[in-house]
Structures are given as C-alpha cells and as structure tokens.
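Encoded as structure tokens, the structure appears first; notes follow it.
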Number of protein chains: 2
Amino acid sequence: MSTKPNLKDVAKVAGVSAITVSRVLTDPSRVSEKLRSKVEKAIHDIGYIRNHAASALASKKSGVLAVIIPSLSNIVFNDVLQGIYQAVKAKNLQVLLGDCHYSPLEEEKLIATLLSQSPEGIIVTGAAQTDYARKLLLQADIPVIQIMELTHQPIDMNIGFSHYQASYDMTNHLLQRGYRAPAFLGARMDPRTQQRLAGFKQAITDWPQPCSSYIHTTVQPSSIKLGGQLLQAVIAESNHQCDAVFCCNDDLALGALFESKRMNLSVPKDIAICGFNDLEASALVEPAITSVSSPRSEMGRQAVEMLFSATGKGRHALAPVDVGYNIIVRSST
Amino acid sequence: MSTKPNLKDVAKVAGVSAITVSRVLTDPSRVSEKLRSKVEKAIHDIGYIRNHAASALASKKSGVLAVIIPSLSNIVFNDVLQGIYQAVKAKNLQVLLGDCHYSPLEEEKLIATLLSQSPEGIIVTGAAQTDYARKLLLQADIPVIQIMELTHQPIDMNIGFSHYQASYDMTNHLLQRGYRAPAFLGARMDPRTQQRLAGFKQAITDWPQPCSSYIHTTVQPSSIKLGGQLLQAVIAESNHQCDAVFCCNDDLALGALFESKRMNLSVPKDIAICGFNDLEASALVEPAITSVSSPRSEMGRQAVEMLFSATGKGRHALAPVDVGYNIIVRSST
DNA sequence: AGTCAAAATGGTTGCGCAATCATTGCTGTT
DNA sequence: AACAGCAATGATTGCGCAACCATTTTGACT
C-alpha cells in the first residue's frame, strides 16, 4: 500500500461496507462475530489506522483531554500528571499537555490552541487565568477543572487544597516547637507560593507571644542549590538570629539542609528546617525533613473523574473538592 | 453566540468571505492589512477558535508531534521533554505525549493511537519496539526518531548515546581508583539499564588484574529508598567484601549514600558510590556523587530539529547522532 | 411454514475547513 | 488610454469518517 489506507480500503479487503468497518472500530458489539473477525484481520493485515481528524469532525468527539501545567520540570506536577494519565487510560482519551511556564499570558495562548482541538475537557492549574482565557473556557462548553488550589470563583469545577491554611499550620508547628525567629524562604513566587507566604505571615501575626520573623524571596525558579543560597542569605540578613526556616518547597528545604551541614549548623538544634510537598528524598535524608504532603496523583486522578462524571453538562456540576494535606513532622524540626 | 462559532460566523461579522478568514489564520501575509485587522477583531470579539479536526482533515496537516516515553515519573525523561517542548514552541506544534510504562506492548498500542492523530513526526524512546509497531511507524510515512540510546537498526532517525560505553568507562574509573570488588545495583532493568549492566560486566572482564564483582538487580521501579535496600542486600550478600557500588541511576545512588550513613560506612573510604544521570542532588549531597551526565534536554531539542529538518522525507534522512556523555568524578569515589 | 420483531448491514450525507481554480481590483508602463 | 502583470479576494469542492435512516437478514414463536 503506497498511500495510507482508509476505511474503504479495509472494507474492500474484508468484503464489507465502509460503515461496517467503522462500527468495528467504534462499537464492535454492533457487528456480528463473523464479520468482525474478518474486518479485524483486514485492519491488522494492511495496518490500517483510523484518521482521527475525520473521525473527530464527523462525530464531534475528539477523544482528547487538554491539560495545562505551569512547569514540566517541577516534580510536583509530574505526580499530578501521573494520576491524570492513570485515570485517562481507562477512558480512551489522549492527553494534550501544555506547559505555560507559570505565565498567564502563555496560558491564555495555550488555552486557545488546545481548545482548537475540541478537547472533551480541560484541566488547568490554579486560578490565575486571564479574563479572555476565562471567556474562552466558558464559551467552549466543555467541563473545565482548576486544580492544585481552592478558589472562590471557579470557572467550573475545582479540586485542590488550601496552601494558605497548610502554611499557617506549618508555621504554627514551628512556633509551638519553640522557635521564635522563623524565616520564610520563597522562590518563583507563583500564586500558590504567595498563598503559602500569606499563611506564614498570618500565623506570625496571630501568635500570642512576640516573635520575630524573616522573609526572603526571589522570583528565580526553585532548585536545591537555591535553597542553600537562600539559607545563607537569611542567616546573614538576620545576623544569625533566625532559628528556623520554612522553605516554600522541599527542593529549597533539601538545599538548605545540605548547606546547613556545610555551615556546621546542627539541624534542628541550631536551626530547624521544614518544606512543602513531601518529596521522597525529604523522608530519607538525615535528619528527615518536616513537610506538607498532599495527595497529588490522587488529585489528578480525581480531576479526570470529576470532569467526565459531570452528567449535567452545566457549569459547577460538582462542588469544589478539598483534598486536604498533612503536616508530616520529622526530625528536622 | 449559543453554539460554537465557525469560520462563516466570523466571515459574516467581518463582512468578508470564509476563505479570507481562513487565510488570516494560516497565512496573514496573504490578506491586506485592512481586511486582516477587521477579521482579527471579529475573531477576538466572538472568541472564535478554529476547529482543528476540520483543519487537519482539509489540509492534511495536524500540527501534532507524538512523543512516547517509558515513564512520566522518571525525572530523566522530564529533562528530555523540556527540550522537546522548547523546540516545539517555535514551530506551532502541539505535543501528544504517551507514557508506555516501559512496556513494548503498551508502546505498540500507543503508537497506533497516536498515529491516528496523523502526527507530523514521532519521537519514541529506545529501540525495543515490537515488529508491528515498526511496521506501523514505517508505513505512517512521517519522520520517526528513536532517542536516548544508539541503535544499529534505526527505524528512521536516531539520537542518543551509548549506555554500554558510559557504563564501561565508569566501571573502569572505579577499578582505576583501586576498588577491586565493585557491585552493580540495578532496578527496573529496562533495555538501557541492561546495556549499563553489560558495560559493567565487560569492564570487569577486560580488567587485567583479578577482581571480584557483584550484581544485584530487581525489576522493581527505581527509587531512592530502593537504593538503600539494594545497598544493604549487596553488602550482606558479599559478606562485606564489596567496596564500591555502581548504581544504575542516581536515585539508587542517593539512597545508597543515605543508607551508608545509617550503616556508619564512610564514603568513599569504606565504600565508593557512583550513579548515572547526574541529577541536581548528586552534586549537592555530601559527599557529592560521581555520575554520568548527558545532555538530555539538548537531546530532546535536537530530536525535534532533526525530525523537521529532514527535507528529503526519505528514511534515514540524517545519520544517527551521538550526543555523548561525561563521567563527572566527585568525592564519592 | 408463516409471521413479526430485532439484529445486522448498507447507502447517503454533512461535519468545518483549506486546496484549487476563478475572478476582481490595482499598479505601473508605454 | 490601453494593457500586462500581479496582488487580493471569492466560489467550489473534497478530505475521511460517523450519524442518520433504509434495507436486508436472522431467529423466535405460533
């Protein structure tokens, strides 16, 4: 076969009509066993592959799920993606994945591009979409779900947890442990990091006894190495008064831990360290790092379920879902 | 607009013909400045988004790049993906990403599914495709590139490096350092891990002086924790004779390092540790871990370039590309 | 055997767009 | 002023498939 075979070619080989072949592909139960096996053999023999564009156009079903995440390199979104792919596998869907690099404008462009594929649903991260992006999403008339964080004005569905509250709790944990000069180390400063910072500030404000606090942030992307640099910076800045660092994620926390060893600071005696996201390494380093865990892959899985169980097809088909979080206390605090 | 707007709706609003709108979208230079701005305004006003299925069907161009990786959770493929996304961004392509979970059969199914989207090129990982998958890829008549490793019978294009040779070199490094009882710790045992094991074995065989060696592998997925367990296992198995461990990747190596501390083994005095892939953490732990680095994201970027610079459209449009590797010697050996 | 309902199969059509060809308008040249 | 030559725009058509409706076959029952 020099040119790509189509339905008719298969039909000819199998000695049936084109529509019968189509049925074998979309709903085999509607074709008799005899014809079905003939058709399946023909398909396999000539290596026929259905033309998705034509199929999508005729059926108005694309079999595509659009997903937009802020970063491919952040392992956190990987976990979510895994949950998404797991759920999608049982559903005969393909995933179109976009990386918007934490930029709402890039996200807007991506949304437009991905919507052109007529996805049957779309997963976006966070709630910082531009107005135009929101308009496009609403108009697309497909289920939309915002994941990772909770928002008061969801576009449609929403699943996540409160980064603010988790951070508030974690800061309280430090204060309860007796640390009175905690620092918040933040990188990237995307919306969720900012919520974490807000939770930190509020917890300090709400604490009944006086305590000092330090905040050191940068818009640089997060990394282990940066964690070490931020630790140095805040220690210098605070004139060695800082006695605990709350890192906005575990990468920074790991970097801070490694750096503290180089600086001959004992953790948690000289300085406590805690992070966010509970990466595998955090539990295995010495001392193990206190962190906030959340069911990321479960959240991805559930997001897909919610998208496609929304029978009503109306907006807000399901109430926002709070997947919660856990403060995992370890020896670093 | 109750139903999704189409080209005609835009045309009506802009007071032009449908085809003119189409041209604004595909090649604005072919439309006069005056009409173009009218059309663009109409598009934005009614929030029109082109129907990709129809466009793909009519133009026989899908604007899609298919990518299959063996695992979403392995950070190594993340790096490659980043390179791919970076290169793709400049090319108006969307990425359809599949995760075949290290299974050639799942990969075959994925290839069939992804090919149905008429991608303009496809990136697959490794060279262990099934015969039927190879047939489908050849028949699809699109550029195909196998990445990560080098193969003698590429389907079409190929970019990667020799895991066998890298492992051979690393093992020699250990032997040259004076270690005479190295162990190979392997997880997952996918084709590339097996090539690394083969390189290890050959280096041991080729070494002029007698030396003992140990091999401990499992098909379990790799993790930091598993690295610790494998270290324990090989130390017990070797009756404490083993003096160096070559971990098939840096996750295992980190786990082995953390575990060695718990076992009160000094690295590299009591035991040397080296890994593969050169993750960020490997350079920052204490002692820093010797590893094999390779230009992963560059490989992804280049794969995309190769796919779409293949003007000839024939098979083997470009010679296989060896991106090479580097043994990064650090204090763990 | 005859009847009828249900299952299996086929023919026709349109999805929304871009390729192709056709037409119109516009500029510069003599 | 006449015309060539090109740029800009429009009309028609078909991409490959599945929805829809029509027809044929099967099988259960009297």
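Chain letters run A, B, ... following the sequence lines, proteins first, then strands; residues in each count from 1.
- Distance from the side chain of S17(A) is smallest for dG11(C) among the nucleotides dC15(C), dA18(D), dG11(C).
- Counting any heavy atom pair closer than 4.0 Å across all strands shown, K61(A) reaches no nucleic acid atom.
- Straight-line distance from the NZ atom of K8(B) to the P atom of dC17(C): 10 Å, rounded to whole Å.
- Protein atom CG of L7(A) is 13 Å distant from nucleotide atom C1' of dC15(D), rounded to whole Å.
- In this structure, CD of Q117(A) is placed 17 Å from C1' of dC15(C), rounded to the nearest angstrom.
- Going from atom CG of N51(B) over to atom P of dG16(C) covers 7 Å, rounded to whole Å.
- Look at CG on L25(A): it is 15 Å from P on dT9(C), rounded to the nearest Å.
- Among the nucleotides dG10(D), dG14(C), dC20(D), the one closest to the side chain of V16(B) is dG10(D).
- Atom pair L57(B):CG and dC15(D):C1' shows a separation of 4 Å (rounding to whole Å applied).
- Taking the six-membered ring where the residue is Trp, Y102(A) and F77(A) present perpendicular rings, their angle passing 60° and hence far from 30°.
- Comparing the helix axis at one end of the helix from dA1(C)-dT30(D) to dT30(C)-dA1(D) with that at the other, each defined from 5 consecutive pairs, gives an inter-axis angle of 30° (nearest 10°).
- Looking at D190(B) and R188(B), no side-chain N of the basic residue comes within less than 4.0 Å of a carboxylate O on the acidic one, giving no salt bridge.
- The phosphate of dT9(D) (OP1 or OP2) has no side-chain N or O of T20(B) nearer than 4.0 angstrom.
- Between D45(A) and K41(A), at least one side-chain nitrogen of the basic residue sits less than 4.0 Å from a carboxylate oxygen of the acidic one, meeting the salt-bridge criterion.
- Among the heavy atoms of the strands lying under 4.0 Å from I19(A) is at least one base atom, whether or not backbone atoms are also near.
- As a whole-Å value, the separation of D27(A) CG from dA8(C) C1' is 12 Å.
- One atom, CG of N6(A), and another, C1' of dA18(D), lie 14 Å apart when rounded to the nearest Å.
- When each of S59(A) and A58(B) is assigned the nucleotide of DNA chain D bearing its nearest heavy atom, the one mapping closer to the 5' terminus is A58(B).
- With no hydrogens or angles considered, no side-chain donor-acceptor pair links Q82(A) and S297(A) at under 3.5 Å.
- Distance check, rounded to the nearest 0.5 Å: CG of L7(A) to OG of S17(A) gives 9.5 Å.
- Within residues 30-43 of chain B, the residues approaching DNA chain D are V31(B), S32(B), L35(B), by heavy-atom distance under 4.0 Å.
- Look at T26(A) and you won't find any side-chain N or O under 4.0 angstrom from OP1 or OP2 of dA18(D).
- We find that E106(B) and K89(A) are joined by a salt bridge, their nearest charged nitrogen and carboxylate oxygen being less than 4.0 Å apart.
- Classification of K91(A) and E305(A) as a salt-bridged pair holds, one side-chain N sitting under 4.0 Å from a carboxylate O.
- One finds no side-chain N or O of Y48(A) lying less than 4.0 angstrom from the OP1 or OP2 phosphate oxygen of dG16(D).
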Checklist line | Candidate pair Q94(A) and Q117(B), rule side chain to side chain donor-acceptor pair (under 3.5 Å), full reasoning | finding: CA-CA 10 Å; Q94(A) 290 306 304; Q117(B) 309 256 355; 5.8 Å; no
Check: Given D131(A) and K135(A), is the salt bridge (Lys or Arg N to Asp or Glu O under 4.0 Å) satisfied, shown in steps?
Finding: CA-CA 6 Å; D131(A) 286 343; K135(A) 170 183 168 178; over 6 Å; no
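- Contact annotation for R50(B): backbone-only contact, meaning every heavy-atom pair under 4.0 Å involves sugar-phosphate atoms and none involves a base.
- The existence of a salt bridge linking E298(B) and R301(B) is confirmed by a sub-4.0 Å separation between a basic side-chain nitrogen and an acidic carboxylate oxygen.
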